[in-house]
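Only one structure is covered here, and it is reproduced in the block below.
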Amino acid sequence: MIKIVNLNKYFKDKHVLKNINLEIEEGEVVGLIGPSGSGKSTLIRCINYLEEPTSGEIYINGENIANSGKNIDKIRQKIGMVFQHFHLFPHKTVLENIILAPVLTKKLTKEEAEEKALKLLETMDLFDKKDVYPNSLSGGQKQRIAIARSLAMDPEIMLFDEVTSALDPEMVGEVLNVMKDLAKTGMTMIVVTHEMAFAKQVADKVIFMADGEIVEENDALELFENPQNPRTREFLSKVL
Ligand code: ADP
Ligand code: MG
């Protein structure tokens, strides 16, 4: 579903992604870990073309997104992304936040979008928050709404960039649980995270990045219990 070939990214003369090669199957959950500044965010931002690769190819369902031209918007609609900070629209209610994009892109009528949004809110136990403004929500609730908003577009791939890093510790669990449930539905997911227990439990495959490179990639249990590269071992010894 995702294939990355010899991807390089420079910011001016700074080489931040170094010849990345990666394949992700449909339904796979990939954990992306590594020290701050190693290129994790840049990598997943390249996948929905929020960053333009300097060289290399990124195929989504066989289509090279760099050459997709006008189709880039269509490809982007298939890829949901959730960030550390929620980016909810403060002057719109929860329901309005969720239906905005599906209606704007004319994928759904307002009624259809609302019906779908309410179902999503129900699965996340947030139905009773549908008419409130984001300000009155906790961080964990906001992040779950941000995930619901993304899912309302029916993405085929979900990218998560440290979505629990800005949350108070007691709210991390409720967001991870939503992601766990989503993984069980067969969603293809790339999850940048510092939550090692989550990565170990939920990811099929874990990638360790350092200094712009994929240092090690393995089955999640293998990578955590039997890391092969000294840099992976050093990183894990600090965070576990
Ligand atoms: P991570 O998500 O692993 O912390 P990033 O992908 O955010 O790493 O950053 C990788 C490197 O690229 C860092 O050195 C960072 O400072 C640099 N970088 C990221 N975005 C930009 C940008 N827009 N302009 C210049 N440098 C950037
Ligand atoms: Mg980052």
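Start at 1 and go down the list; that is how both ligands and their atoms are numbered. Just so it is clear, the structure is predicted and the values come from calculations on it, not from any experiment.
Heavy atoms of Gly34 come nearer than 4.0 angstrom to ligand 1 in no pair at all. For Pro35, the heavy-atom gap to ligand 1 drops under 4.0 angstrom.
Distance alone, capped at 3.5 Å, places no donor-acceptor pair between the Asp161 side chain and the Phe83 backbone.
The minimum heavy-atom distance linking Glu25 with Thr188 is given by the pair O-CG2, 3.7 Å. Scanning both residues, Leu182 and Thr185, for their nearest heavy atoms gives O-OG1, 2.6 Å.
Linking Ile, Leu, Val, Met, Phe, Trp and Tyr residues whenever their side-chain heavy atoms come within less than 4.5 Å places Ile20 and Met1 in a single cluster.
Atom 8 (O) of ligand 1 has Gly39 N, 3.2 Å as its closest protein atom, hydrogens excluded (heavy atom only). For atom 23 (N) of ligand 1, the closest non-hydrogen atom on the protein side is Phe11 CE2, 3.5 Å. Protein heavy atom in closest approach to atom 7 (O) of ligand 1: Ser41 CB, 3.7 Å. For atom 1 (P) of ligand 1, the nearest non-hydrogen atom of the protein is Gly37 N, 3.5 Å. Distance from atom 3 (O) of ligand 1 to its nearest protein heavy atom, with residue and atom name: Lys40 NZ, 2.8 Å.
Look at Thr42 and the Mg ion (ligand 2): no N/O/S atom of the residue is under 2.8 Å from the metal.
Atoms of ligand 1 found under 4.0 Å from any heavy atom of Ser38, numbered from 1 in the order shown, are 1 (P), 3 (O), 8 (O). Within ligand 1, the atoms closer than 4.0 Å to a non-hydrogen atom of Lys14 are 13 (C), 14 (O), 16 (O), numbered from 1 in the order shown.
Which of Val16, Leu32, Leu43, Leu17 comes nearest to atom 17 (C) of ligand 1 through a heavy atom is settled by distance: it is Val16.
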Full working for salt bridge (charged side-chain N to carboxylate O under 4.0 Å, His left out) between Asp211 and Lys18: CA-CA 8 Å; Asp211 197 24; Lys18 301 173 182 165; 3.2 Å; yes
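Neither the backbone nor the side chain of Lys12 has a heavy atom within less than 4.0 Å of ligand 1. At a heavy-atom distance under 4.0 Å, atoms from both the backbone and the side chain of Thr42 approach ligand 1.
Atom CD of Gln201 sits about 10.0 Å away from atom CG of Leu221, to the nearest 0.5 Å.
A tilted orientation is assigned to the rings of Phe208 and Phe235, their planes being inclined by 30° to 60°.
Lys180 NZ: more than 12 foreign heavy atoms inside a 6.0 Å radius. Enclosure of atom CD in Glu63 by more than 12 non-hydrogen atoms of other residues, nucleotides or ligands within 6.0 angstrom is indicated.
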